[in-house]
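Structure record follows, encoded as structure tokens.
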Amino acid sequence: MSRSHIAGTGMTSFGEHPDRTGRDLFAEAALAALDDADLKPDDVDEVFFGNFVGTLSENQGHQGPLMSEAFGSTAPAKRIEGACASSGLAIRDAVRTVRNGDADVVVAGGMERMTNMDTADATASLAVAADSLYEVRPGVTFPAAYALMARAYFEQFGGDTTDLAHIAVKNHENALANDHAHLQTKITVDDVIEAPAVADPLGLYDACPISDGASAVVLTTDAYAQRQGLEAPVTITGSGQGGDRMALQDRDSFAKTPATRDAAQEAYDDANVSPADIDVAEVHDCFTIAEVLALEALGLYEYGEAIGAARREETRRDGRLPVNLSGGLKAKGHPVGATGAAQVAAVAKLLTGTHPRADALDSPMIGLAQNAGGTVASATVHVLEVVE
Amino acid sequence: MSDTNVSSFASFLDAIEAGNPFYITCPNGHGSLPPRRLCPECQDQRISREPLPETGDIVTYTTVSVPAPRFSDDSPYVTAIADLGPVSLTGHLQVGNTDEIQMGQTVKVTVGSIDGQRFVAFERP
């Protein structure tokens, strides 16, 4: 079975692009990734495209062929949807295809447009990641869903909003060097605590922004990379996916995310690594509490211990396990369909030393990207390694 | 069960309104909520209705300040998950019940409606 090499990565800036179309955003990211890989649109065998609410935000379904065409290809393509895990799932399918030798060169990525909708429509769109009958109908918004988890976490394990604030501060600090980030503002713990409530205990600065943007990764087989003499030292050595009951009410715990746990176990087994081997991680911090849940489900922290990780400075870029050096979803932004692939791209660049925050790391060899859908009813985990 | 009327979301809400709330159970004693064609825990297809307790205890809640659009006139409002025993439900705390909500508080399951769409709601028992 071939390894899957990351030959190139590309992304648009994440932020407000209300005058750009989704097809143009993805074209920019895909062409940048192909350029980075020293490849052409004609070289692409298949396209895996993640997107969450394009049918609502742009009235556009059937986006696969549209996105292929946008970057100058007629390669077979499909839209993959798993709420916020859409492009993590796209990466997973792409990895499988390349490792099985079913394609030599694939593009995997995603795109989302949300800022062309007003707050009410954006809120309503994001809510479709939750159970429409049992959660959306009673008025649970996406922030409310994570707030229900946050309160349950505090109740079971302790911790408070100040602990969460340290996560937001850390991720904002990291994004200051990332010119593609949606938010490049330094914030303090007091800023977070005093911010307007969204769904308590979560406030405005516990929540990632609503962003537009696109990202793409070019993956190739071993043989192709060698034949073409490509510069592709980072490979995806582990891929995992997990699932859980859709509605929070039906789960055994509101403070744990077994979908991430299962995805991580599969990815670690696949890559033949353990959590202790991970040098750097990009995790799904759509809300500050989500970073805590992710770190514990990934086995990087014991349950109940990750709440204080940022406060204790362990997950800062100068800490023992730097998390979300890109700024995370919180500051880098979260164009929903683009996030999973953007996380993989960030880890790849951190491993090759080309990321703006790469100087925080000392010869990292193994990185991890974790992408979650909804209240983690879906999750993907990818392990990346430098193999040369 | 092939008769979807016995196990639909609408029939679930109808039953709450009629004062006869139910949940779905299987021979292994698992609880779930409609619509179901099999038990989600053990996949047993021999599912049936069981009476559901009318009240449950709050296990988590949040005050929503940025409302779902349909509830914008209601904002801020509280949504909570209540544990009724065999199942838990997510509900909208009805207007008029906005005094201090706490973990462990008992609430009664009822049905609300907004813009013609019904939803699970909670009120004081």
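Residue numbers start from 1 in every chain, and the chains themselves are labelled A, B, ... in the order their sequence lines are given, proteins ahead of strands.
- If you measure heavy-atom distances from A:Y134 to chain B, the contacts under 4.5 Å come from both the backbone and the side chain.
- Within the 4.5 angstrom heavy-atom criterion, no atom of A:A127 approaches chain B.
- Between A:T260 and the choices A:N371, A:L298, A:L293, the side chain to side chain contact (heavy atoms under 4.5 Å, CB included) rule is met once, by A:L298.
- Interface remark: of the candidates A:R245, A:E135, A:M149, A:R245 forms the most heavy-atom pairs closer than 4.5 Å to chain B.
- Ranked by heavy-atom pairs under 4.5 Å with chain A, the list B:S65, B:A121, B:P40 is led by B:S65.
- Of the residues considered (B:L33, B:V120, B:L89, B:T62), B:T62 shows the highest number of contacts with chain A, using heavy-atom pairs under 4.5 Å.
- Seen from the ring of A:Y303, A:K256 counts as a face-on cation partner, given the 6.0 Å and 45° thresholds.
- In this structure, B:F71 has its ring center closer than 6.0 angstrom to the ring center of B:F119.
- For B:Y77 and B:H92, the gap between ring centers is short of 6.0 Å.
- Annotation: the span from A:D285 atom CG to A:K330 atom NZ amounts to 8.5 Å, rounded to 0.5 Å.
- Rounding to the nearest 0.5 Å gives a distance of 12.5 Å between OG of B:S88 and OH of B:Y23.
- For B:R124 (side chain) and B:K108 (main-chain N/O), no donor-acceptor pair under 3.5 Å exists by modelled atom type.
- The backbone N or O of B:S32 sits nowhere less than 3.5 Å from a side-chain atom of A:D250 that would complete a donor-acceptor pair.
- Proximity to chain B (any heavy atom under 4.5 Å) is shown, for A:D200, by both the backbone and the side chain.
- In this structure, the portions of B:V64 lying under 4.5 Å from any heavy atom of chain A include both its backbone and its side chain.
- Residue contact with chain A, scored on non-hydrogen atoms closer than 4.5 Å, involves the backbone and the side chain of B:Y61 alike.
- Among A:T288, A:I167, A:T161, the one residue that satisfies the side chain to side chain contact (heavy atoms under 4.5 Å, CB included) test with A:D206 is A:T288.
- Nearest heavy atom pair, residue A:P201 against residue A:F154, reads CG-CE1, 3.9 Å.
- Of the residues A:H334, A:K332, A:H284, the one that meets the side-chain hydrogen bond (donor to acceptor under 3.5 Å, both in side chains) test with A:T339 is A:H334.
- Contact of B:I114 with chain A is not made at all, since no heavy-atom distance falls under 4.5 Å.
- Among the candidates B:A68, B:A82, B:A80, B:G112, the residue making the largest number of heavy-atom pairs closer than 4.5 Å to chain A is B:A68.
- Contact count versus chain A (heavy atoms, under 4.5 Å) is highest, among B:T90, B:D83, B:V87, for B:T90.
- Against chain A, the residues from residues 53-60 of chain B that qualify, each with a non-hydrogen atom under 4.5 angstrom away, are B:V59, B:T60 in number order.
- When A:D131, A:L133, A:T123 are compared by the number of non-hydrogen pairs under 4.5 Å with chain B, A:L133 comes out ahead.
- Checked by atom type and distance alone, the side chain of B:S75 never pairs as donor or acceptor with a backbone atom of B:S72 at under 3.5 Å.
- For the set A:G139, A:A150, A:A199, A:A144, the entry with the most heavy-atom pairs within less than 4.5 Å of chain B is A:G139.
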